[in-house]
Every structure is written in C-alpha cells, then in structure tokens.
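Heads up, the thing below is written out as structure tokens.
Only this structure's heavy atoms are used, side chains among them; waters, hydrogens and symmetry mates stay out. Nothing here was measured: the structure is a model prediction, and the numbers come from that model.
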Amino acid sequence: MTDLHSRHQAVLPEWLALYYQQPLELTHGEGRHVFDAEGRRYLDFFGGILTTMTAHALPEVSKAVAEQAGRLIHSSTLYLNRPMIDLAERVAHLSGIPDARVFFTTSGTEANDTALLLASAYRRSNQILAMRNSYHGRSFATVSLTGNRDWSPTSLSPLQTLYVHGGVRHRGPFAHLTNAEFVAACVADLEDLLGQTRGQVAALIAEPVQGVGGFTSPPDGLYAAFREVLSRNGILWIADEVQTGWGRTGDHFWGWQAHAENGPPDILTFAKGIGNGMSVGGVVARSEVMNCLDSSSISTFGGSPVTMAAGLANLSYLLEHDLQGNARRVGGLLLERLRAIGATTPCVREVRGRGLMLGIEITHPGTDEAWPEAATAVQEAARGGGLLLGKGGGHNTSVLRIAPPMSLTVAEAEEGATILETALHSV
C-alpha cells in the first residue's frame, strides 16, 4: 500500500485529495460493504460520495452492463440509442417538469455546466444567483459559482455570480430567527440583491440540501418563496439534484419537492446515484429552455449505451424495492440514534439531515468554532472500527457526512452508529 501511495504522489496532482493518513485501496464491494487490499471489511457510509446508490456489485446492474458491453459499448449521440431514449423517457416523467427534454452528460459538473449554458443563452445574460456555502462542480464555470472557499481555487470566472442567503439554517446573521422569519429575511435579501443588479439575471442555481457544504438545508418552502420573486423577474430556477435526487432524502423523490408550492424548477440537474458508479449525469429542462440553443451539439460519451443500461437497471431496482421509503424509515431511525449520541458528546454541535443524507458537525466544545482536526480524528477512528465516513462543511471541513447506499438495513444502521459512537467518544 505504501508503494501504491508513493506511485500516486509521483504521477497525480497534489490537490487530488486522499482520505486517511494511510490511504485506502478498495478492491471490491458487496451490498453496503467494501473490502481493502488487505482483505479488511468496512461498512460503507459514504457510497463513493453518494454515488453507490443502491448497493455495491448489485447483480441487476452488473448483468445489464455486461450484456450491453457484449453487444455494443459506444456509438455517440449521432445515432439513435435505444437505452438512452428509454432512460430519458423515464427521467422526463419522474422529473415533474412539463414537456421535459433530457440531455445526458458524464458527470454532475458537466450537467451543471450545461444548465448554466442553457440559462445564460435563454436569458442572454451571464449573471447567476448562487447560494452561500454552495458547491456545483469542478469546471471553470461551476467553480466560479461555488460559495465554499475550500472548493473554489480561483476567483476568475466567465460568470458574474451573486450570492444569496438561505442555504445554511443554523449559522449566519439569520440563524436566531424562527423558520418563518428566516424565510422572510432571505426573501428580503434576494429582493434587495436584485434591486442592486444591472440588466437581467439569468438563473438561481441551488442545491436543495447542500452536499459538500455539510448537508445543510433551509426550512422547507424557502425556494418556493424564492420562486415567486424569480418568476416576477423572469429568472430561471436550476435545482442541482446531483446529491439529493432519486429519493435519498426520504420524504421526496427530488429535493425540490420540499419547496414545491410553486411547481417544479425550470431546469433540473442530476448525476451520481443514477449510475450506481457508472459515469452518468444529465439535465432536464422544459422544452423551450432546452431547445433555445441555436447551434448544433453532440455528446461523445454522454448517453453511452453501457452507462444508460446501468442507469435503467439501477432505477428499476430503486423503484421496485422502494428504496426511497427505506431511506425515510432507516434514515429516520439512524438520525434519532445519532442525535442521542450527539447529546452526550460535547464536540457535536449539531446532527442534521433527512433520509440517508446526514451530517454531524464537530466544533470545539461549547462553541461554534469549527474543529476540523477532531472531525478528521473521528473519521480515522471510525475507519479503525470498520466504518467509512465522508467529510465536508463550509467551515473548515468539520462535518462528518453520512450517505450509505439506500438499501441500508436497520441492523447495519445500528452497527454503524455504534462504531461512530465509539469513535466520537474516543476523540
């Protein structure tokens, strides 16, 4: 393993981060577990950054991939592609967007980049509203929207980005307000911001639950209230569902549905879980927005027959086994268990989330000061106990991120919570 780490350092960028003091090589997985090169077994509570949505080595997906690969691996979008059309029809229907069109990409970054292209072309403006503490990808355009300095390596940008309050409920100048007052204050901030702009704003892009930002979210209904203001001004709403889609939040199939009083977004982006590890992303938009581009385009790898076959098999499994319901039930039990642990752990400031998208914020005891060293120590201790966790947060990466495959069982949730309790108390 030391030799592999040395080879990694010799040939890959320094900014390509690795978890753990002794980085881990994963060799195979099964269900909710993965195995390292030494044969150690771990309960996976991060799912390849929320990407292994159903299960590791899910037979239905593996079979679909193998069968399609045995017939045809690649064709590009220049030819009719039955798996792509099949999946597009299902995604368009599930999106809730009327007269929807779907464009497939290879990642969430590319999906968000495409959404920004559509919005700016449709509105003939490069002004974009984004949420503070946000993250939308690693391309030049999406990095320029990121409201989280830990993930924003440059201030140069092709866009003019204006940041709005509301993505973080329990920090910032509105944290002390009731939910209703919080929403009203954020709406007033949005209206004031629009009053300061010249020309028209193209779109607001927002994650219903901020992923890299540490699984923070506003009160339900905030984006519906924002939508009223946006609609009056002709501004599009882009819902970044790369991490929140497909039922992970439990109560809803899409994160935007917690803010649904004024209908679906104009544009929806997705990725990660739909491919269960295969490289699938995409954009859904109402037809007039999707078709606004006045030049031809293709995607060499978006909509690949193999990745589309994986997406179809994975989506079918998700729906047939009601994994959204499982995320709601098991996630609710896990949230209560973690909150009980947090109540006895001085360094835990907050346990939050919904469904199987949960965060534990670590701070110096009795303060709001982030404690990233402690979060890292908990992550290391959990690994020692056989549990893999993610990290994030807009305040120096001090939030433990928990997002296991959505087929997690009650017994596995309890196993993970026990290991995590020991790790937290050891720190």
Side-chain angles (χ1 to χ4, degrees), residues 1-29 34-38 40 42 44-53 56 105-114 133-158 207 210-215 240 242-243 269 271-273 275-281 300-302 307 359 370 372-373 375-384 387-404:
M1 186 61 61
T2 301
D3 178 58
L4 188 62
H5 187 200
S6 298
R7 290 167 58 194
H8 177 283
Q9 292 174 311
V11 75
L12 296 171
E14 290 182 358
W15 42 259
L16 195 62
L18 289 168
Y19 276 163
Y20 306 114
Q21 288 183 333
Q22 297 181 353
L24 194 60
E25 180 191 4
L26 300 179
T27 58
H28 60 289
V34 290
F35 298 80
D36 70 12
E38 279 72 47
R40 289 188 291 265
Y42 302 91
D44 185 3
F45 262 28
F46 202 36
I49 318 177
L50 292 85
T51 300
T52 306
M53 178 169 70
H56 289 282
T105 67
T106 59
S107 70
T109 289
E110 189 188 351
N112 284 333
D113 212 82
T114 303
N133 197 52
S134 57
Y135 176 83
H136 299 287
R138 53 157 298 279
S139 69
F140 188 45
T142 55
V143 160
S144 71
L145 298 177
T146 294
N148 183 325
R149 68 180 182 183
D150 288 342
W151 293 90
S152 184
T154 177
S155 61
L156 302 176
S157 173
E207 308 155 271
Q210 294 185 330
V212 170
F215 292 171
D240 179 346
V242 169
Q243 297 196 31
T269 62
K272 291 193 182 288
N276 206 45
M278 298 297 285
S279 207
V280 183
T300 303
F301 294 108
T307 62
E373 298 83 3
T376 298
V378 173
Q379 189 184 39
E380 291 278 0
R383 175 197 171 173
L387 178 70
L388 302 185
L389 302 167
K391 282 194 306 178
H395 296 82
N396 298 316
T397 317
S398 62
V399 178
L400 301 170
R401 292 205 287 163
I402 297 168

Neighbour count above 12 (heavy atom, 6.0 Å) for Y19 OH:
yes
Let's go through D113 and T105 carefully: what are the C-alpha distance in whole Å and the side-chain angles of both, what is the deciding distance for side chain to side chain contact (heavy atoms under 4.5 Å, CB included) to 0.1 Å, and is it a yes or a no?
CA-CA 10 Å; D113 212 82; T105 67; over 6 Å; no
Are Q22 and R383 close enough that some pair of their side-chain heavy atoms sits under 4.5 Å apart?
yes
Any donor-acceptor pair under 3.5 Å from [X] side chain to [Y] backbone:
X	Y	value
R401	G211	yes
T109	S139	no
D36	L24	no

Over all atoms of both residues, closest heavy-atom pair of [X] and [Y]:
X	Y	result
A271	S107	CB-C, 3.9 Å
L389	Q379	O-NE2, 2.9 Å
F140	P158	CE2-CD, 3.7 Å
F301	T106	CB-CG2, 3.7 Å
G214	V399	O-CG1, 3.6 Å
S134	L145	OG-O, 3.4 Å

Using a distance-only test with no angle check, is there a side-chain donor-acceptor pair under 3.5 angstrom linking T142 and N112?
no
What verdict does the side chain to side chain contact (heavy atoms under 4.5 Å, CB included) test give for L387 and F45, after you've listed the backbone C-alpha separation in whole Å, the side-chain angles of each residue and the deciding distance to 0.1 Å?
CA-CA 7 Å; L387 178 70; F45 262 28; 3.6 Å; yes
Look up atom [atom1] in [X] and atom [atom2] in [Y], then write down how far apart they are to the nearest 0.5 Å.
X	Y	atom1	atom2	answer
L50	I402	CG	CD1	11.5 Å
K272	M53	NZ	CE	12.5 Å
Q21	E380	CD	CD	5.0 Å
Q210	H136	CD	NE2	7.5 Å
T51	F46	OG1	CZ	8.5 Å

Run Y135 and V242 through side chain to side chain contact (heavy atoms under 4.5 Å, CB included) and show every step you take.
CA-CA 11 Å; Y135 176 83; V242 169; over 6 Å; no
I'd like to know whether E207 forms a side chain to side chain contact (heavy atoms under 4.5 Å, CB included) with V212, so could you lay out the CA-CA distance, the side-chain angles of the two residues, the decisive distance to 0.1 Å, and finally the verdict.
CA-CA 10 Å; E207 308 155 271; V212 170; 5.8 Å; no
